[in-house]
2 protein chains.
Amino acid sequence: MPAISADKGEGCGCVMQYEAIDLEKKIRDASLRPTKQRLALARLLYAEGNRHVTAERLHAEAMEAGVAVSLATIYNNLHQFTAAGLLREVVVDSSRSYFDTNVAPHHHFFHEKSGALEDIPKSALTVDNIPALPAGTEVSSVDVIVRINDTRG
Amino acid sequence: MPAISADKGEGCGCVMQYEAIDLEKKIRDASLRPTKQRLALARLLYAEGNRHVTAERLHAEAMEAGVAVSLATIYNNLHQFTAAGLLREVVVDSSRSYFDTNVAPHHHFFHEKSGALEDIPKSALTVDNIPALPAGTEVSSVDVIVRINDTRG
DNA sequence: TTGCGTATTTGAATTATTATAAAAAATACT
DNA sequence: AGTATTTTTTATAATAATTCAAATACGCAA
């Protein structure tokens, strides 16, 4: 195996090169090692706009992209990214964890039937009059989930 | 074992009697049979004010109260009660399910460290300006979770 | 480059939950 | 009451999501 490999040979790679450097910096700044697996996952996560991903889904995408990573690695990295503020965990369904690449404060629509998540910008929704907190505590975050279903009637 | 037993012998039992009748009606109205186990669980759930319970916890309480119910029964009943509108499932932590005996619309404080849940009355908090929903969908519920932590600094 | 210490990866284990199938209990019918 | 029918319970197995700890690979210093 050559020290410097092209991974995916096709295309000019210019943009990928920029992305790669960008992502590598992102990872280094989080004091994580830019390993082949981690970079591949970062590429999948941050390639195009904001995403809501489950571990299972990311694993499938990695396999599909020809990167053989174990599920345990997926979980490790999702949690490390979350701890570093590169991802945010969204709890909507008690049976699985979703990770959101949008780490700015915002809320969510959750389509109960399909399991799909959609961002609601923070500015598009207001939460007011939060009552006094229990003594000795402070707000860590305010999560609003608007659960929606198909109209029927 | 006598046909009519007092279960817990101490005390006058008057209030318990009322409660028992009340709970039996509640269960019957949900088209469920008032079995010994189901009644015992209902008693534990609705004995005193609103509660937030996990399956594991309810099971422990049942055992402690001398009622031998299997974990499968706990899950069955929690789900049946939820389907009947007697309980509401609250998703705060993707690793376990909480069931809330308060089925009126309201929100929650969630203490991240201890895992404790506390109700916020619906009237004590306002959510406004929910943006337009995706086409063909309607709101099923709006859940607000105020995640809190111990003050430190 | 080589070797070392630590971060990372991964197969195996663990946990919460659900499914199954047979026995027990509750209700319905007569 | 006596019997049939249906619901419920439970032991056990199965599954899904997640975590653990041993083995590996990486990045750095010499």
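Please read these numbers as outputs of a predicted model, since none were measured by experiment. Note on naming: letters A, B, ... go to the chains in the order of the sequence lines (proteins, then strands), and numbering restarts at 1 for each one.
Residue contacts for B:His59: at a heavy-atom cut-off of 4.0 Å it reaches no nucleic acid atom on any strand shown. Within 4.0 Å (heavy atoms only), B:Ser95 reaches sugar-phosphate atoms of the nucleic acid but no base atom.
Under 4.0 angstrom from either OP1 or OP2 of D:dT9 there lies at least one side-chain N or O belonging to B:Asn77. Between A:Tyr75 and D:dT18, a side-chain N or O to OP1/OP2 separation shorter than 4.0 Å is present. The phosphate of C:dT10 has OP1 or OP2 within less than 4.0 Å of a side-chain N or O from A:Thr73. Side-chain N/O atoms of A:His79 include one lying less than 4.0 angstrom from OP1 or OP2 on D:dT19.
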Where do B:Asp119 and B:Asp100 land on the side-chain contact (heavy atoms from CB on, under 4.5 Å) test, with the steps shown first?
CA-CA 9 Å; B:Asp119 283 358; B:Asp100 191 341; 3.5 Å; yes
Derivation of the side-chain contact (heavy atoms from CB on, under 4.5 Å) call for B:Val146 and B:His107:
CA-CA 8 Å; B:Val146 180; B:His107 305 294; over 6 Å; no
Intermediate values then yes/no, side-chain contact (heavy atoms from CB on, under 4.5 Å), B:Asp93 and A:Val91
CA-CA 7 Å; B:Asp93 179 336; A:Val91 181; 5.8 Å; no
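C:dT27 atom C1' lies 13 Å from atom CD of B:Glu24, rounded to whole Å. Nucleotide D:dT8 holds its C1' atom 14 Å from the CD1 atom of B:Ile74, rounded to whole Å. Counting to the nearest Å, the P atom of C:dA23 and the CD atom of B:Gln37 are 18 Å from each other. What separates CG of A:Leu71 from C1' of C:dA12 is a distance of 13 Å, to the nearest Å. As a whole-Å value, the separation of B:Phe81 CZ from D:dT8 P is 10 Å. Across the protein-nucleic acid pair, B:Gln80 atom CD and D:dT7 atom P stand 11 Å apart, rounded to whole Å. Atom pair A:Leu78:CG and C:dT8:C1' shows a separation of 15 Å (rounding to whole Å applied). Atom pair B:Asp93:CG and D:dT19:C1' shows a separation of 14 Å (rounding to whole Å applied).
Listed by chain and number, the residues in a side-chain hydrogen bond (donor to acceptor under 3.5 Å, both in side chains) with A:Asp29 are A:Lys25 (sequence neighbours excluded).
Just one of B:Glu112, B:His111, B:Lys113 meets the side-chain hydrogen bond (donor to acceptor under 3.5 Å, both in side chains) condition when paired with A:Ser140; it is B:Glu112.
A:Phe81 and A:Tyr46 have tilted rings, their planes meeting at an angle from 30° to 60° on a 0 to 90° scale. Ring pair A:His52/A:His106 is tilted by interplanar angle, where 30° to 60° counts as tilted.
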Any N/O pairs under 3.5 Å between the protein and nucleotides 3-7 of chain C? List them or say none.
from	atom 1	to	atom 2	distance (Å)
C:dA7	O4'	A:Arg33	NH1	3.3
C:dA7	O4'	A:Arg33	NH2	3.2

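If you find the closest nucleotide of DNA chain C to B:Thr35 and to B:Ala55, the one lying nearer the 5' end belongs to B:Ala55. Nearest-nucleotide positions on DNA chain D place A:Glu89 closer to the 5' end than the other of A:Asn76 and A:Glu89.
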